[in-house]
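First the structure, in the form of C-alpha cells, and then the observations on it.
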Amino acid sequence: RRRIGWYFELCIEAIEDHASEEGLAVGVTRCGPADVPAELSESINELDPCWLLGFDGQQWDGGDLCWHPCPWHSWELSKGDHVGVLVTLAGILRVLVNGKAVVEACFRVPTDAPLFAVVDLIGATRA
C-alpha cells in the first residue's frame, strides 16, 4: 500500500451546550510531546508551530502566523461523530466528519518533519 500522509481520529463523547458558537479545534504541530510546555496559554495556536481548523469558524496558519475564515463550524458536531484529520504528503490539511471531507485548509502544512496531533477542546465538546 502507498502512504498518503498523516491521519488521526477522535470520537465526540458529549456536547454540553449547543448555545456556544465555539467548538473544538483540530490540526497538527511539529512540537513533540516532550516539547509541549507544562502550561499553555488560553489559545492552542500559541503552540509553535501548529496548523488548526475549527474554533468558531477559523483556521490558524502556523507558518504565516495568521488567522483565516473557515467554512467549517465545529460547534455543529454531535455526540457520536467521528472527526478525522488528514495531512496529505503534499501538505493539504483536511477535516473529515464521519468519513466525509468537510473542509480543506487554505494553506499548506510543511511535511518535511514529524507531525503530531493537536486537539483543543474549547467550547462545549468532550472527546
Side-chain contact test, heavy atoms from C-beta onward, threshold under 4.5 Å: evaluate it for [X] versus [Y] and give yes or no.
X      : Y      : value
Leu89  : Trp6   : yes
Arg30  : Pro110 : yes
Cys70  : Val103 : yes
Phe107 : Leu93  : yes
Thr88  : Arg94  : yes
Leu10  : Val26  : yes

Open item on the list: Please evaluate residues Val102 and Leu96 with respect to the criterion side chain to side chain contact (heavy atoms under 4.5 Å, CB included), reporting the C-alpha separation (whole Å), side-chain torsions for both, the decisive distance (0.1 Å), and the verdict.
Closed with: CA-CA 5 Å; Val102 294; Leu96 299 90; over 6 Å; no
Kindly compute the distance separating [atom1] ([X]) from [atom2] ([Y]), expressed to the nearest 0.5 Å.
X      : Y     : atom1 : atom2 : answer
Ser78  : Asn98 : OG    : CG    : 9.0 Å
Cys106 : Ile92 : SG    : CD1   : 12.5 Å
Leu77  : Cys11 : CG    : SG    : 10.5 Å
Glu46  : Leu65 : CD    : CG    : 10.5 Å

Please check if the side chain of [X] supplies one atom and the backbone of [Y] the other of a donor-acceptor pair under 3.5 Å.
X      : Y      : result
Asp120 : Ala25  : no
Thr29  : Phe116 : no
Thr111 : Gly91  : no

TODO: May I have all residue pairs that pass side chain to side chain donor-acceptor pair (under 3.5 Å) and include part of residues 57-69, sequence neighbours excluded?
DONE: Trp51-Asp61
Open item on the list: Quick check on side-chain contact (heavy atoms from CB on, under 4.5 Å): which of Leu24, Val119, Val118 does Ile44 satisfy it with?
Closed with: Val118
Open item on the list: Is there a path of hydrophobic side-chain contacts, each under 4.5 Å between heavy atoms of I/L/V/M/F/W/Y residues, joining Val83 to Leu121?
Closed with: yes
TODO: Give the C-alpha distance, both sets of side-chain angles, the deciding distance and a yes or no for side chain to side chain contact (heavy atoms under 4.5 Å, CB included) between Val97 and His82.
DONE: CA-CA 6 Å; Val97 175; His82 288 260; over 6 Å; no
- [ ] Could you pull out the closest heavy-atom pair between Cys31 and Leu47, with the gap in Å?
- [x] SG-CD1, 3.7 Å
TODO: Please report the shortest heavy-atom distance between Pro49 and Gly62, naming the atom on each side.
DONE: CB-O, 4.2 Å
- [ ] Assess whether side chain to side chain contact (heavy atoms under 4.5 Å, CB included) is satisfied between His73 and Asp56, documenting all intermediate values.
- [x] CA-CA 6 Å; His73 299 278; Asp56 56 350; 5.9 Å; no
